[in-house]
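The block underneath contains the structure these notes are about, expressed in structure tokens.
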Amino acid sequence: MRLATWNVNSLRSRIGRVEAFLARHDVDVLAVQETKSREDQLPLMGLQAEGYEVAAAGTNQWNGVAILSRIGLDDVQIGFDGMPGWGEPEAPESRAIAATCGGVRVWSLYVPNGRKPDDPHYTYKLTWLAALRTAAAGWTAAPTVLAGDWNICPTDDDVFDIKQFAKSTHVTPPERAAFAAFAADGWHEVTRAHAPGYTYWDYYRQRFERDRGLKIDFAYASPSVAGRVRGAFIDRDERDPAQGSGSPSDHAPVVLELAD
DNA sequence: ATGGTAGCTGGGCTA
């Protein structure tokens, strides 16, 4: 089974690239973030023609997450009760939603950005991560993957220039501790060993062309899934304005190969 | 310290 995660920065504007990506890599399940689409703007007919459906979607008026899977592969759709929302009318499931596909429960996560360390959104980010950790601690016995945009750089090497991030989010000790806490609970981050390198390059200042990026997209797997991982890769071509058609997302997809 | 780009929307927010 091939599983992928991708912050697409608008599923509607990127649908051509998403379809091409799914076909090119024979992906079975794709966790997408920043769909920027309401549920009534899904499903997407082009995807259905290619054999995919929206297995799960959680959206609000300005953002959302979803899971696309081969038609018939998904079993159930699950939202998230314990996830704190931010203001109204933000729905908690717009940041975390799951579907069971081929026996693996796949979560698509969009961890709050945090904005700046002195911003209330930063506190919210840590609160949100703590709530996710508490809930996820009960999921490790079942085949589960927590995939998505974590908005955290776990090490200094995950930033193109750590000095530039001295007063920024994504690299602070509390954020890194929150990320590491999942490993302490028995989750295995399964992308880095096979797919080192950045997954996000800001649109500003030709950051992709200069390879000045961040590594912030990850997949934590429960032990049974971690044991099935055969490989992973970052498809940088999907971030390349010179490749494919239409403008790229600011994130590249991460693909995970699982043994049957 | 600021501004740089992109998307949704239809001016300003979010990232």
Side-chain angles (χ1 to χ4, degrees), chain A residues 5-19 21 31-42 44 46 57-66 83-96 108-129 147-153 158-172 175 179 198-218 236-254:
Chain A
T5 179
W6 192 6
N7 180 324
V8 294
N9 187 20
S10 170
L11 189 50
R12 285 172 292 157
S13 73
R14 217 72 66 204
I15 190 60
R17 277 187 179 262
V18 171
E19 290 168 355
F21 164 77
V32 288
Q33 300 86 38
E34 290 206 69
T35 54
K36 296 185 176 177
S37 309
R38 297 186 312 269
E39 290 195 57
D40 62 290
Q41 295 170 316
L42 304 170
L44 302 150
T59 67
N60 62 36
Q61 64 193 34
W62 59 78
N63 220 325
V65 294
M83 200 61 67
W86 175 271
E88 293 293 337
E90 173 132 350
E93 61 271 25
S94 68
R95 291 188 180 275
S108 180
L109 305 177
Y110 180 58
V111 174
N113 177 283
R115 299 189 183 183
K116 294 199 162 109
D118 61 355
D119 192 293
H121 286 83
Y122 175 85
T123 306
Y124 169 60
K125 180 182 196 173
L126 297 179
T127 302
W128 194 94
L129 283 163
D149 178 357
W150 288 76
N151 272 317
I152 296 171
C153 300
D158 299 326
V159 189
F160 65 87
D161 180 3
I162 190 65
K163 292 187 294 295
Q164 274 195 34
F165 279 71
K167 296 181 179 176
S168 302
T169 58
H170 296 53
V171 302
T172 66
E175 288 167 283
F179 187 85
Y198 305 138
T199 62
Y200 161 88
W201 298 259
D202 206 305
Y203 285 123
Y204 310 157
R205 302 179 177 181
Q206 297 189 299
R207 289 264 172 87
F208 178 77
E209 288 77 359
R210 298 157 61 210
D211 196 26
R212 295 171 73 76
L214 305 177
K215 189 172 189 63
I216 55 177
D217 297 274
F218 297 99
R236 293 170 64 109
D237 285 352
E238 287 296 347
R239 176 59 184 89
D240 189 347
Q243 304 287 330
S245 58
S247 65
S249 167
D250 43 3
H251 292 248
V254 183

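Small disclaimer: the values here were computed from a predicted structure and weren't measured. Only this structure's heavy atoms are used, side chains among them; waters, hydrogens and symmetry mates stay out.
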field: Under-4.0 Å salt bridge between K116(A) and D118(A)
entry: no
message: Taking the minimum atom-to-atom distance to the side chain of R14(A), which one of dA6(B), dG4(B), dC8(B) wins?
response: dA6(B)
query: In terms of side-chain heavy atoms, does T35(A) have a donor or acceptor partner in R12(A) at a distance below 3.5 Å?
result: no
- line: Taken to the nearest whole Å, OH/Y204(A) to C1'/dG7(B) is 12 Å
field: Value in whole Å for how far the C1' atom of dT14(B) lies from CZ of R95(A)
entry: 10 Å
- line: Rounded to whole Å, CG of N63(A) lies from C1' of dA15(B) at a distance of 9 Å
- prompt: OP1 or OP2 of dG7(B) less than 4.0 angstrom from a side-chain nitrogen or oxygen of S249(A), does that happen here?
  reply: no
task: Output all residues satisfying side chain to side chain contact (heavy atoms under 4.5 Å, CB included) with P248(A), sequence neighbours left out; order by chain, then residue number.
output: R17(A), R239(A), P241(A)
Nucleotide dG7(B), atom P - distance to CD of E34(A) in whole Å: 11 Å
message: Applying side-chain hydrogen bond (donor to acceptor under 3.5 Å, both in side chains) to Y200(A) and D149(A), what does each step give before you reach the verdict?
response: CA-CA 10 Å; Y200(A) 161 88; D149(A) 178 357; over 6 Å; no
field: R236(A) bridged to D211(A) by N-O distance under 4.0 Å
entry: yes
query: Rounded to whole angstrom units, what separation is found between the CD atom of Q33(A) and the P atom of dA6(B)?
result: 21 Å
- line: With the side chain defined as heavy atoms from C-beta on, S13(A) is closest, among dC8(B), dA6(B), dG4(B), to dC8(B)
- line: F208(A) atom CZ is separated from dA6(B) atom P, nearest whole Å, by 14 Å
field: Distance, rounded to the nearest Å, where N9(A) contributes CG and dA15(B) contributes P
entry: 11 Å
- prompt: Taking the same atom, P, in dT14(B) and in dG10(B), what whole-Å distance lies between them?
  reply: 15 Å
query: Taking atom P in both dA1(B) and dG12(B), what distance in whole Å separates the two?
result: 26 Å
query: If you pin H121(A) and K167(A) to their nearest nucleotides in DNA chain B, which one's is more 5'?
result: K167(A)
statement: Residues in residues 109-117 of chain A with a heavy atom under 4.0 Å of DNA chain B, by number, are Y110(A), N113(A), R115(A)
- prompt: For T127(A), what residues pass the side chain to side chain contact (heavy atoms under 4.5 Å, CB included) criterion, not counting sequence neighbours?
  reply: P84(A), T123(A)
Candidate nucleotides dG7(B), dC8(B), dT5(B), ranked by approach to the side chain of S247(A) - the nearest: dG7(B)
- request: Would you mind reading off the distance between R212(A) atom CZ and dG4(B) atom P, rounded to a whole angstrom?
  value: 18 Å
statement: By nearest-heavy-atom nucleotide on DNA chain B, the more 5' of R207(A) and D250(A) is R207(A)
Check: S94(A) main-chain N/O paired with Y110(A) side-chain donor or acceptor under 3.5 Å: no
